[in-house]
Amino acid sequence: MSNPSNPSNGDDDTPKDPLSEMLGRMFGGGEGGFDPQELAKAAGLPSDPNAMAMMMQQVQAMFSSSSDGPVNWQLAHEHARRVAAADNDPSVTALQRRSVDEALKLAELWLDPVTDFPSTNQLGRAWSRAEWVEATMGTWRRLTEPVAMSIAKALSDVISEQLPEEMKSMMGMMGGPASMLQNVGGAMFGMQLGQAVGALSKDVLGSTDIGVPLAEGRMALLPANVAAFGEGLDVPEQEVQLFLAVREAAHVRLFTHIPWLTGHLLGSIERYARGIHIDMDKIEEAARDIDPTNPESLQGALSQGVFMPQRTSEQDAALVRLETTLALVEGWVDELTAAATANLPSAGSLREMVRRRRATGGPAEHAFAPLVGLELRPRRLRDAATLWAMLAEERGIEGRDALWQHPDLLPTAEDLDDPAGFSGRRRLIESSEADVDAALERLLAGDFEETDEDTGAAAPGAADGPAPTSNGGTDGTDRPAPSGGDEQDGPDTPDGDTAPR
């Protein structure tokens, strides 16, 4: 009779340690093989036997070779390409390339009268979904790497602590349990990232569709996705393409002529990601509740956010600032696009469609939220667009666009709350700054006398004589009496008399 408490009695039907059984299923039951379908289930990916078979060689190579980090980016890249091509990713035809190029050139001409930023003279590109993946994958890696590394390490640390000693010994021959499990966590995150980016490639319309320059310095549209966006709208396809070309060109023009903006946005996302702290207690609690014999239980935990990092109050504040900047970018592009396409019959309806698509998160939310706990929603797009429109009326196009020259000049969340009060608040700030500048100039010119605040007497070097009153400055200007002494209005210092130097 088999002994359930003795897993080494040679009986194949003997129950095994649950974690050992899960790892055995994933890695081929001790034969050194690898079952990518089991890993795919744990990662929450579709169980497609053909796709999994195509991945087997690559994943086996990943486990057998060293990596420069806990996340396998090559796996993410290849899986993103595979997902992008899953539902037919037709190559861009010569006619489509010419059509996109012409639309983007016309968009540049239409933008010239409505912005102070000149044309970038960039070549318009028409991309397939796979080409979009190739062009943007580097930016996706930059944005997700901080949290990816943290999550992969946290998972490997927690699970390795729970490994039975015999499993640790077995895995020690493969580089140690921590190294092996870190590769498992890295592979799972890489596959999830590839899945998200590949799915996103089916929704995006250009290189700046989420409000961030994913392919910096390049201006492009995806003809297949543009056509899908226009289906059922009863709007000519050329009109849809031209409207979206104006949006793309406006984004690229802004990011090109405001060099600090790209670094500001991407840097904000990176700093947010690096500030995330993994809740180890929560992970340990979740790990105890997961059934290792059931990979779907791990996926259930992932889908409920068990392993997702928690935001701090500082990060909540940082997220508000990031969303404000995104809203300002999207509101500016929205306002320029509306002005540039005023002669398009369907511009109003297309503008509303894009506004709703962006304000509700669109494809960016689905790409970022599960990976780094971050939603790139310009929730205040309409408020920002209203503010930019008012500024164009008050300051003109040049004055409006000049606010992009430095991050300190940009409107704030308070300005989005009250667009009508922006100019009044800004005048107060500018007036205060002007007073400080004037005072500094007077000080440097020697117009101010130094005083001893403790005694109220003139500073060393000043001529003997009565201290000037608030109406008797030696230079003919009004200045208050020294605060260190008592003010005494009397016959010794009549109004209008000037104290001698």
Side-chain angles (χ1 to χ4, degrees), residues 45-46 48 51 54-55 57-59 61-62 67-69 71-101 103-104 120 122-145 148 186-187 189-229 241 244-245 247-249 251-252 255-256 262 265-266 269-270 362-364 366-368 371-372 376:
L45 306 175
D48 183 349
M54 293 173 62
M55 294 172 59
Q57 183 177 1
Q58 178 183 341
V59 177
M62 180 269 292
S67 175
D68 59 354
V71 177
N72 190 280
W73 301 108
Q74 182 66 22
L75 179 62
H77 173 236
E78 292 298 329
H79 191 60
R81 288 288 302 263
R82 192 168 292 108
V83 173
D87 298 325
N88 185 26
D89 179 25
S91 298
V92 178
T93 66
L95 179 62
Q96 288 175 322
R97 293 187 188 280
R98 184 166 58 253
S99 176
V100 166
D101 179 57
L104 288 169
T120 62
Q122 290 190 22
L123 176 67
R125 295 173 171 86
W127 284 341
S128 65
R129 293 162 183 163
E131 288 174 318
W132 179 89
V133 170
E134 290 291 334
T136 63
M137 199 65 198
T139 304
W140 287 111
R141 173 173 177 171
R142 174 181 173 182
L143 295 179
T144 59
E145 188 167 31
F189 188 92
M191 294 172 74
Q192 286 181 310
L193 175 61
Q195 179 75 21
V197 174
L200 187 62
S201 71
K202 301 177 182 180
D203 292 331
V204 293
L205 305 170
S207 70
T208 58
D209 203 43
I210 67 171
V212 175
L214 295 174
E216 187 176 358
R218 281 169 283 187
M219 182 169 57
L221 292 178
L222 281 70
N225 293 353
V226 170
F229 176 83
Q241 181 174 265
L244 297 176
R247 282 186 51 83
E248 173 75 1
H251 273 111
V252 172
F255 287 120
T256 298
T262 297
L265 283 172
L266 298 184
I269 297 171
E270 287 180 289
H366 303 291
F368 272 96
L371 295 173
V372 295
L376 290 182

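In terms of heavy-atom proximity, Ala215 sits nearest to Ala135 at CB-O, 3.8 Å. Contact between Leu193 and Ala76 at its shortest, heavy atoms only, is CD2-CB, 4.1 Å. When all heavy atoms are compared, the tightest approach of Gln241 to Ser99 is NE2-OG, 2.8 Å. The two residues Gly211 and Leu265 have their closest heavy-atom pair at O-CD1, 3.8 Å. Of all heavy-atom pairs spanning Gly124 and Leu104, the tightest one is CA-CD1, 3.4 Å. In plain terms, the two heavy atoms of Ala84 and Asp89 that are nearest each other are O-CB, 3.6 Å.
When atom types are taken as modelled, the side chain of Glu248 and the backbone of Ser207 share a donor-acceptor pair closer than 3.5 angstrom. Asn225 places a side-chain N or O within donor-acceptor distance of the main-chain N or O of Ser201, the cut-off being under 3.5 Å. Judged purely by atom type and a 3.5 angstrom limit, Gln96 uses its side chain to pair as donor or acceptor with the backbone of Thr93. Between the side chain of Lys202 and the backbone N or O of Val83, at least one donor-acceptor pair lies under 3.5 Å. The closest donor-acceptor contact from the side chain of His77 to the backbone of Trp73 lies at 3.5 Å or more, if one exists at all.
With a 4.5 Å cut-off on side-chain heavy atoms, Glu216 and Thr139 do not count as touching. In this structure the side chain of Trp132 reaches within 4.5 angstrom of the side chain of Leu200, judged on heavy atoms. Looking at Thr256 and Gln122, their side chains come closer than 4.5 Å, going by heavy atoms from C-beta outward.
Every residue was checked against the salt bridge (Lys or Arg N to Asp or Glu O under 4.0 Å) condition with Arg129, not counting sequence neighbours, and none meets it. In this view, Ser128 and Glu131 satisfy the side-chain hydrogen bond (donor to acceptor under 3.5 Å, both in side chains) rule, not counting sequence neighbours. With sequence neighbours excluded, the residues satisfying side-chain hydrogen bond (donor to acceptor under 3.5 Å, both in side chains) with Arg81 are Glu134.
For the pairing with Asp209, the side chain to side chain contact (heavy atoms under 4.5 Å, CB included) check across Leu222, Val204, Asp203, Leu214 returns one residue only, Val204.
Distance check: Arg218 CZ to Thr208 OG1 gives 12.5 Å after rounding to the nearest 0.5 Å. The structure places CG of Leu123 at 7.5 Å from CE of Met219, a figure rounded to the nearest 0.5 Å.
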